[in-house]
> 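Submitted below is the structure of interest, expressed as structure tokens.
Order of listing sets the numbers, starting from 1, for every ligand and every atom in it.
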Amino acid sequence: MAPGKAPARLKQPSKSKKEGGRPAFKQQDKTKHQATPSEKPGDPTATVALGSLQTLLNVFRNAFSERLASDVKPLLQQVKQHLFNREFLEAFGKDEYLEAYAVRWSPSRALGYAQIFHDLHDRIIEKEPGKTTDQFRVVCLGGGAGAEIVGLAGFSQQFMQENLSEEVKEDGPSKLSVDVTAIDIANWSPVVTSLQSAITSPPPLSKYASAAVKEANKELLAPEAFQTRFVQQDVLSMTPEQLSAELKDATLVTIMFTLNELYTASLAKTQRFLLMLTEALPTGAQLLVVDSPGSYSTVTLNGAEKKYPMHWILDHTLLSTTQGRKWEKTLEDESRWFRLPEGLKYPIELENMRYQIHLYKRLSQASSDS
Ligand SMILES: C[S@@+](CC[C@H](N)C(=O)[O-])C[C@H]1O[C@@H](n2cnc3c(N)ncnc32)[C@H](O)[C@@H]1O
């Protein structure tokens, strides 16, 4: 949509949950979390094992042990203030702010994302009879802070554990080789490197650890099974060529708690970016958008400003058929909760996460032409 132009034929946002006919997730809430009126029966809760979730928290503890041992509160106050003022470039403008953000906000999100990827596994892992390893190539836009990376590591580990016990599967792979590219405007490179190392190296042990403990001390994932790459880049100023180079082999692109920031920076540039992304992605690739529920963006309509729900504008851009049918929306839920199970240990407070979720699948050229 051009800047200042009215969005043509915006549909009324649907209030109902649409899950492509899949059953709702089981409710297993063990937390003391207070129910709010917006919660629904059937909200998914942690089905990823407690031990796996704790292992993911340990990744953050090991990656940032010095930061966590220091008084991180003053830094967090400053970051919070910038985020509150919506000064995103300032909030993510210093190495120490980035690390403070990563230890405070990424762990809860990482656990929630491990659960989201786990919930979606039969949609995002390609089923090919006889195939034992799936190459899962994920590009995380705005994913430098590490939550998606650690969430994917948790998902991958759980996926392999669940499939290990089964006989060679006839209906799909039992191993994953995950390749994550995080593209972000801020320089999260040191954070990504520390997390990659904490995921793919055995955790540090006390020098008094027994031989048996040392023997059993293994990395979460083998380095060849989990690779990360960081690209510092403003996605809104990428050229079609740059974007194609990053996305040409992607199986999944994620935009998690970032789309609203992009719309805030520039609605027109974000629309343009999403159209470029559509052209750059191969058939069958999926786009996962997760954000705060009820995010609104302002659109100028006949000279007057009007607010539309974020996902409504997104649907309008991706599902508009003026250029042929390019995407199929396979999942939509305007509000879900990830609730933390009891018993997790982490030096900083963890939070339940409420989110909206949207999954789209890139259709083939033939569908576009029809
Ligand atoms: C609220 S944080 C979310 C981080 C992470 N995706 C998560 O879910 O925890 C938004 C992220 O988007 C990044 N970001 C904002 N504008 C961007 C842009 N134009 N290009 C690339 N990254 C951007 C920020 O640097 C930040 O890492």
> Does the ring centre of Trp337 sit less than 6.0 Å away from the ring centre of Tyr355?
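Here the rings of Trp337 and Tyr355 have centres that are no less than 6.0 Å from each other.
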> Assess, by modelled atom type and distance only, whether the side chains of Glu87 and His82 contain a donor and an acceptor separated by less than 3.5 Å.
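There is such a pair (donor and acceptor under 3.5 Å, judged by atom type) between the side chains of Glu87 and His82.
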> In ligand 1, which numbered atoms sit nearer than 4.0 Å to a non-hydrogen atom of Ala147?
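Within the 4.0 Å cut-off of Ala147, ligand 1 contributes 9 (O).
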> Counting only heavy atoms, which portion of Tyr101 has something under 4.0 Å from ligand 1: side chain, backbone, both, or neither?
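The answer is the side chain.
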> Give the minimum heavy-atom separation between Pro107 and Tyr346, together with the two atoms involved.
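Of all heavy-atom pairs spanning Pro107 and Tyr346, the closest is CG-OH, 3.4 Å.
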> Could you check whether any side-chain heavy atom of Asp184 comes within less than 4.5 Å of a side-chain heavy atom of Val231, counting everything from C-beta outward?
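Heavy-atom side-chain distance check fails, nothing below 4.5 Å.
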> Within the 3.5 Å criterion, strictly below it, is a donor on His316 or Gln271 matched to an acceptor on the partner's side chain?
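Distance-only check fails for His316 and Gln271.
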> Looking only at protein heavy atoms, which one is nearest to atom 4 (C) of ligand 1, and how far off is it?
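So the nearest neighbour among protein heavy atoms is Gly142 O, 3.6 Å.
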> Considering only protein heavy atoms, which is closest to atom 15 (C) of ligand 1, and at what distance to one decimal place?
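Heavy-atom neighbour on the protein nearest atom 15 (C) of ligand 1: Glu261 OE1, 3.1 Å.
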> Which of the numbered atoms in ligand 1 are under 4.0 angstrom from any heavy atom belonging to Met256?
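In order of numbering, the contacting atoms are 3 (C), 5 (C), 6 (N), 7 (C), 8 (O).
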> What protein heavy atom is closest to atom 20 (N) of ligand 1, reported as residue, atom name and distance in Å?
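The closest one turns out to be Val235 N, 3.0 Å.
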> Same hydrophobic cluster for Ile185 and Val180, using side-chain heavy-atom links shorter than 4.5 Å among ILVMFWY?
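Each belongs to a different hydrophobic cluster.
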> Looking at atom 25 (O) of ligand 1, what's its closest protein heavy atom, distance included?
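For atom 25 (O) of ligand 1, the nearest protein heavy atom comes out as Asp184 OD1, 2.5 Å.
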> Starting from atom 16 (N) of ligand 1, what is the nearest protein heavy atom, named by residue and atom, and what distance separates them?
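Heavy-atom neighbour on the protein nearest atom 16 (N) of ligand 1: Leu262 CD2, 3.8 Å.
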> Can you say whether the rings of Phe92 and Tyr101 are parallel (under 30°), tilted (30 to 60°) or perpendicular (over 60°)?
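It falls in the perpendicular class, over 60°.
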> Pairs of nitrogen or oxygen atoms closer than 3.5 Å, one from Gly143 and one from ligand 1: do any exist?
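For ligand 1, there is no N or O atom that lies under 3.5 Å from one belonging to Gly143.
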> For Glu148 and ligand 1, does the shortest N/O to N/O distance drop below 3.5 Å?
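It does: an N or O of Glu148 is found under 3.5 Å from an N or O of ligand 1.
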> When only distance counts, is Asp234 in polar contact with ligand 1, meaning an N/O pair under 3.5 Å?
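In this structure, Asp234 places an N or O atom under 3.5 Å from an N or O of ligand 1.
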> What protein heavy atom sits nearest atom 9 (O) of ligand 1, and how far away is it?
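Among all protein heavy atoms, the one nearest atom 9 (O) of ligand 1 is Arg109 NH1, 2.8 Å.
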> Could you tell me the residue and atom name of the protein heavy atom closest to atom 8 (O) of ligand 1, and the distance to it rounded to 0.1 Å?
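Atom 8 (O) of ligand 1 sits closest to the protein heavy atom Tyr113 OH, 2.5 Å.
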> Enumerate the atoms of ligand 1 whose separation from the nearest heavy atom of Trp188 is less than 4.0 angstrom.
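Contacts of ligand 1 toward Trp188, numbered from 1: 25 (O), 27 (O).
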> Is Phe92 touching ligand 1 with its side chain, its backbone, both, or neither, if touching means heavy atoms under 4.0 Å apart?
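Near ligand 1, Phe92 shows its side chain, while the N, CA, C and O stay back.
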> Please name the residue in the list Ile348, Leu75, Val79 that meets the side chain to side chain contact (heavy atoms under 4.5 Å, CB included) test with Arg104.
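Among Ile348, Leu75, Val79, the one meeting side chain to side chain contact (heavy atoms under 4.5 Å, CB included) with Arg104 is Ile348.
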> Between Trp105 and ligand 1, which residue portion shows a heavy-atom distance shorter than 4.0 Å: side chain, backbone, both, or neither?
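Answer for Trp105: neither.
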> Would you check whether Ile185 has a nitrogen or oxygen atom less than 3.5 angstrom from a nitrogen or oxygen atom of ligand 1?
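Yes, there is a polar N/O contact under 3.5 Å.
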> Identify, by atom number and element, the atoms of ligand 1 in contact range of Gln233, meaning under 4.0 Å from any of its heavy atoms.
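Those qualifying, in numeric order: 20 (N), 21 (C).
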> Have Thr278 and Arg362 got a donor and an acceptor in their side chains that come within less than 3.5 Å?
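On atom types as modelled, these side chains do not qualify, holding no pair under 3.5 Å.
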> Is the Phe257 ring parallel, tilted or perpendicular to the Tyr113 ring (thresholds 30°, 60°)?
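Plane angle under 30°, so parallel.
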> Tell me whether the NZ or CZ atom of Lys306 lies within the 45° cone about the ring axis of Tyr308 and under 6.0 Å from its centre.
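The answer is yes, since Lys306 meets both limits relative to Tyr308.
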> Got an N/O contact under 3.5 Å between Phe257 and ligand 1?
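Min N/O separation from ligand 1 is not below 3.5 Å for Phe257.
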> Between Tyr360 and Gln286, do the side chains contain an N or O donor and an N or O acceptor separated by less than 3.5 Å?
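Absent: no donor and acceptor within the cut-off.
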